[in-house]
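Read the structure below first, then the notes.
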Amino acid sequence: MKNTVVTFKQAKENKEKLTMLTAYDYSTAKLMDESGINGILVGDSLGNVILGYEDTLSVTMEDMIHHGAAVARGVKNALVVVDMPFMSYQTSVYDALCNAGRLVKEAKAGAVKLEGGEKVCPQIKAIVDADIPVMAHLGLTPQSVNVFGGYKVQGKSIEAAQKLIDDAKAVEQAGAFALVLECVPSALAKIITESISIPTIGIGAGSCCDGQILVYQDMLGMYSDFTPKFVKKFANAGQVMCSAFLDYIDAVKSGEFPSKEHSFDISDDVLSAIYGGMKK
Ligand code: KIV
């Protein structure tokens, strides 16, 4: 069944958990879609896990469109949400609207995601007014890493917790259809989830959120640079891949691969004609 913003709304009303994963390419997105995931986020985390940057700040609109379009081509039923990269919406409401429009037109996004609370509500409102659904993102917002001074749990003081609650209400009011809560204490995520009518999608925000999201390389054990506390490895695909790479190298070096089974034949007539030709 096709997932839309309506599916997300109904899931919260019916207390059904929503599932999301990140993806950045056609074949991975297709596998996730076939598994029945509700939503796929083409996250700007692609800066880390695909492009090897230290943070997400260097990711461009072109990167997001390139990977977003690949994911969209692999998906039939999941809602495809594409991240708005750093400086594609902070600069002005006009820039935000134009760039959100590009993600829909060129990457075939079903919705866009941007980071921030009250500060970016004019942008959220303008994008939603143009009939583009917006997913908001609060808590540890990686585009603000230089202000946070690192990747730290957010909302731990009274002021910070209250600000997160206020920001959650503000993005709901501005028209966001869902809210990602990243690295927020579980009890605070529960309060926020119960204070707003739009679904919360948690990552490091405990079990009371309306849904969960993980970066797929993290949950498959494919990214060893850094593993946050909130990541559960559902498989060790990294190990499986390394062992397959080793087997391949051995098989090529020993001449075991490619065997006849993986090679193409040519008729004897053609072969002898060529050999004959070579002798002349
Ligand atoms: O970019 C991303 O992958 C994200 C998720 C971690 C929510 O924003």
Side-chain angles (χ1 to χ4, degrees), residues 8 18-25 28-29 32 37-61 63-68 70-71 78-90 99-100 103 107 109 111-117 120 124 133-145 148 150-155 164 167-168 171 176-184 189 192-193 198-206 209-220 222-223 225-233:
F8 274 56
L18 287 158
T19 56
M20 289 191 74
L21 285 168
T22 66
Y24 318 93
D25 69 275
T28 310
M32 286 175 189
I37 199 94
N38 292 118
I40 295 181
L41 171 69
V42 187
D44 62 354
S45 51
L46 72 82
N48 306 103
V49 294
I50 301 293
L51 302 175
Y53 297 137
E54 268 187 16
D55 52 44
T56 59
L57 304 180
S58 307
V59 174
T60 64
M61 275 296 294
D63 293 331
M64 297 313 303
I65 289 169
H66 184 72
H67 289 271
V71 166
L79 175 64
V80 176
V81 183
V82 180
D83 252 342
M84 301 198 68
F86 184 55
M87 284 299 129
S88 68
Y89 59 94
Q90 290 92 341
N99 285 320
L103 294 178
V112 300
K113 177 168 82 57
L114 54 80
E115 298 180 5
V120 293
I124 295 178
V134 175
M135 179 175 273
H137 184 164
L138 292 172
L140 172 51
T141 45
Q143 292 177 17
S144 306
V145 62
F148 293 150
Y151 297 99
K152 299 173 184 163
V153 178
Q154 300 296 306
L164 274 181
D167 276 341
V171 296
F177 78 94
L179 168 62
V180 169
L181 288 176
E182 180 166 355
C183 279
V184 171
I192 294 172
T193 299
I198 57 173
T200 55
I201 311 293
I203 173 161
C209 292
D210 299 303
Q212 297 292 326
I213 183 164
L214 283 174
V215 169
Y216 94 83
Q217 283 87 346
D218 286 342
M219 60 88 74
L220 289 184
M222 292 169 63
Y223 183 72
D225 288 10
F226 173 66
T227 306
K229 172 181 152 81
F230 58 75
V231 168
K232 175 173 171 172
K233 286 188 186 161

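Ligands are counted one by one from 1 in listed order, and the atoms in each one are counted from 1 as well. What you are looking at is a predicted structure, and each value in this text was computed from that prediction instead of being measured.
- To the nearest 0.5 Å, the span separating CG on Leu114 from CE on Met135 amounts to 11.0 Å.
- Using a 4.5 Å heavy-atom threshold, the side chains of Leu103 and Ile65 count as touching.
- Between Asn48 and Val215, the closest side-chain pair of non-hydrogen atoms is not below 4.5 Å.
- Remark: His67 NE2 to Asp44 CG distance equals 12.0 Å, nearest 0.5 Å.
- Note that the CG atom of Leu140 and the CD atom of Glu115 stand 8.5 Å from one another [nearest 0.5 Å].
- Across all their heavy atoms, Ile203 and Leu214 have their closest contact at CD1-CA, 4.2 Å.
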Could you pull out every N or O of ligand 1 that sits under 3.5 Å from a protein N or O, with the distance for each pair?
from, atom 1, to, atom 2, distance (Å)
ligand 1, 1 (O), Asp44, N, 3.2
ligand 1, 1 (O), Asp44, OD1, 3.0
ligand 1, 1 (O), Ser45, N, 3.0
ligand 1, 1 (O), Ser45, OG, 3.3
ligand 1, 1 (O), Asp83, OD2, 3.1
ligand 1, 3 (O), Ser45, OG, 2.5
ligand 1, 8 (O), Lys113, NZ, 2.9

